[in-house]
Protein chains: 2
Amino acid sequence: MADIPATGGETLLFLTDEQLRKGIEAMFFAYRGFTADPDRILEEHGYGRAHHRAVHFINRQPGLTVTTLLDVLGVTKQSLNRVLRTLIEDGLVESRVGTKDRRERRLHLTDKGAALERELSEAQRGRMRAAYRAAGPQAVAGFRQVLEAMMDPQQLRHYQSMRDGG
Amino acid sequence: MADIPATGGETLLFLTDEQLRKGIEAMFFAYRGFTADPDRILEEHGYGRAHHRAVHFINRQPGLTVTTLLDVLGVTKQSLNRVLRTLIEDGLVESRVGTKDRRERRLHLTDKGAALERELSEAQRGRMRAAYRAAGPQAVAGFRQVLEAMMDPQQLRHYQSMRDGG
DNA sequence: ACTTTATGTCAGCCTTGTTGACTTTCCAAG
DNA sequence: CTTGGAAAGTCAACAAGGCTGACATAAAGT
């Protein structure tokens with residue numbers, strides 16, 4: 001990337017519109033690749049991306065409430081409920097009444113749900129792993145820095161709420 | 001990131017599932033931020049993301065044919081046509097019969113279309129610029145390396161077909 | 001003349017998002 | 001104990017934007 005040393009020691013970027021547009025299109029095309037493998041698997045099972053997202057976050061944080069999941073996903077409860085209902089009906093997700101507050105529904109994956117989650121995330125991790133290996137460790141660090149800086153503060157909060165594996 | 005030097009001089013990454021999952025969620029949350037600003041603007045104008053994508057690529061490559069645009073966007077002609085028709089009716093896009101091959105329709109933005117494109121891309125570039133500045137030049141290079149490695153070969157082809165501003 | 005390509009269009013379907021209205025359950029404060 | 005409000009679920013209706021299939025037209029190529 002074109003950059004020039006600044007007087008203070010840090011570097012200043014030449015952020016031309018062309019460079020920024022390149023970054024924008026990189027996001028667009030890469031996101032397509034990012035979802036391509038799970039999409040294929042989901043189609044075989046008769047599910048969509050919305051199901052993937054639900055299953056992913058339930059797996060990440062077993063026992064989370066519907067409200068929490070709504071907040072993370074950023075959709076309406078009606079929209080989520082449609083997805084959640086089919087997952088529960090199909091026996092992938094279990095909805096347990098909260099022990100302390102019995103209005104809450106604590107969401108868990110069943111064995112069947114965990115199996116689908118594994119299938120989906122293995123495919124997605126496979127591509128991510130390949131991209132990481134191809135780009136190298138320094139690139140990976142930069143990748144995550146830029147993505148984090150691109151998030152809305154609310155989203156960043158959800159992102160950071162996890163234990164970090166690296 | 002955790003990495004260990006290998007015997008050959010290159011580095012081997014510890015690609016734990018946790019690290020990969022973090023990268024996956026970074027993509028998910030960042031993509032939401034990435035589309036948030038244009039989405040707001042589009043809504044004011046009564047358009048959707050599909051219109052944004054069409055306008056973006058027509059602006060990038062004025063005079064491109066419908067078939068080319070279909071290939072870049074990766075949707076069906078029926079789907080694109082619906083979007084393209086409203087853009088032409090609203091006077092944002094002009095469809096000119098090809099001079100050499102008169103079956104082709106060459107797509108161009110009108111002044112009005114270019115104005116919307118500018119409004120959208122300025123918002124999106126604004127966020128991208130802020131993220132780039134926050135992360136620094138080295139991070140930006142890594143960001144693009146990982147994204148490129150994540151694309152499908154076909155998508156990579158479209159991505160690379162452009163002149164690179166950096 | 002015939003085939004193929006590029007484009008457009010109609011009809012219908014699905015997923016996944018939305019809003020609005022309403023109910024049930026249940027915790028917690030008065 | 002009653003009541004307010006939060007959590008959850010449900011029904012209806014709608015829109016955007018994907019998809020398939022079928023078909024029409026114009027123009028290019030063989």
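Any value given below was found using the heavy atoms of this structure, including those in side chains, with hydrogens, waters and symmetry copies removed. Here the structure is a predicted model, which is why all the values come from computation and not from measurement. Here is the naming used below: chain letters follow the sequence lines, and residue numbers restart at 1 for every chain.
Atom-to-atom, CG of B/L70 to C1' of D/dG17 comes out at 14 Å; the value is rounded to the nearest Å.
Under the 3.5 Å distance criterion, the side-chain polar atoms of B/S121 are matched with a main-chain donor or acceptor of B/E117. The main-chain N or O of B/Y159 is found under 3.5 Å from a side-chain atom of A/K22 such that the two form a donor-acceptor pair.
Between B/K77 and B/H51, the residue anchored closer to the 5' end of DNA chain D is B/H51, taking for each the nucleotide with the nearest heavy atom.
By the ring-ring contact (aromatic ring centres under 6.0 Å, His included) test, A/F28 is found to be paired with B/F57, residues two or more places apart in sequence or in another chain being considered. Under the side chain to side chain contact (heavy atoms under 4.5 Å, CB included) criterion, B/Q61 pairs with B/L64, B/T68, sequence neighbours left out. For A/E94, the salt bridge (Lys or Arg N to Asp or Glu O under 4.0 Å) test picks out A/R96, with sequence neighbours left out. Here A/E104 pairs with A/R106 under the salt bridge (Lys or Arg N to Asp or Glu O under 4.0 Å) rule; sequence neighbours left out. For A/R32, there are no salt bridge (Lys or Arg N to Asp or Glu O under 4.0 Å) partners two or more places apart in sequence or in a different chain. Residues forming a side chain to side chain contact (heavy atoms under 4.5 Å, CB included) with B/R85 (at least two apart in sequence, or on another chain): B/N81, B/E89.
Residues of residues 79-88 of chain B that place a heavy atom closer than 4.0 Å to DNA chain C, in numerical order, are B/N81, B/R85. Only at 4.0 angstrom or more do the heavy atoms of residues 34-42 of chain A sit from any atom of DNA chain D, so none qualifies.
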Give me, pair by pair, the N or O atoms of the protein and of nucleotides 28-30 of chain D that are less than 3.5 Å apart, along with how far apart they are.
| residue | atom | partner | partner atom | Å |
| --- | --- | --- | --- | --- |
| D/dA28 | OP1 | B/R102 | N | 3.1 |

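Sequence neighbours left out, not one pair with a member in residues 78-104 of chain A passes ring pair (Phe, Tyr, Trp, His ring centres under 6.0 Å). Residue pairs meeting the ring pair (Phe, Tyr, Trp, His ring centres under 6.0 Å) criterion with at least one partner in residues 65-99 of chain A, sequence neighbours excluded, are absent.
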Please tabulate, one pair per line, all N/O donor-acceptor pairs under 3.5 Å involving side-chain atoms of residues 41-53 of chain A, not counting sequence neighbours.
| residue | atom | partner | partner atom | Å |
| --- | --- | --- | --- | --- |
| A/H45 | NE2 | A/E119 | OE1 | 3.1 |
| A/Y47 | OH | A/D90 | OD2 | 2.4 |
| A/R49 | NE | A/D39 | OD1 | 3.2 |
| A/R49 | NE | A/D39 | OD2 | 3.3 |
| A/R49 | NH2 | A/T35 | OG1 | 3.2 |
| A/R49 | NH2 | A/D39 | OD2 | 2.8 |
| A/H51 | ND1 | A/G48 | N | 3.0 |
| A/H51 | NE2 | A/T86 | OG1 | 3.3 |

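Here B/R106 lies out of heavy-atom contact (under 4.0 Å) with every strand.
Taking only distance into account, the side chain of B/Q78 never meets the base of D/dG17 through a donor-acceptor pair shorter than 3.5 Å.
Here A/T76 reaches the OP1 or OP2 of C/dT18: one of its side-chain N or O atoms lies under 4.0 Å away.
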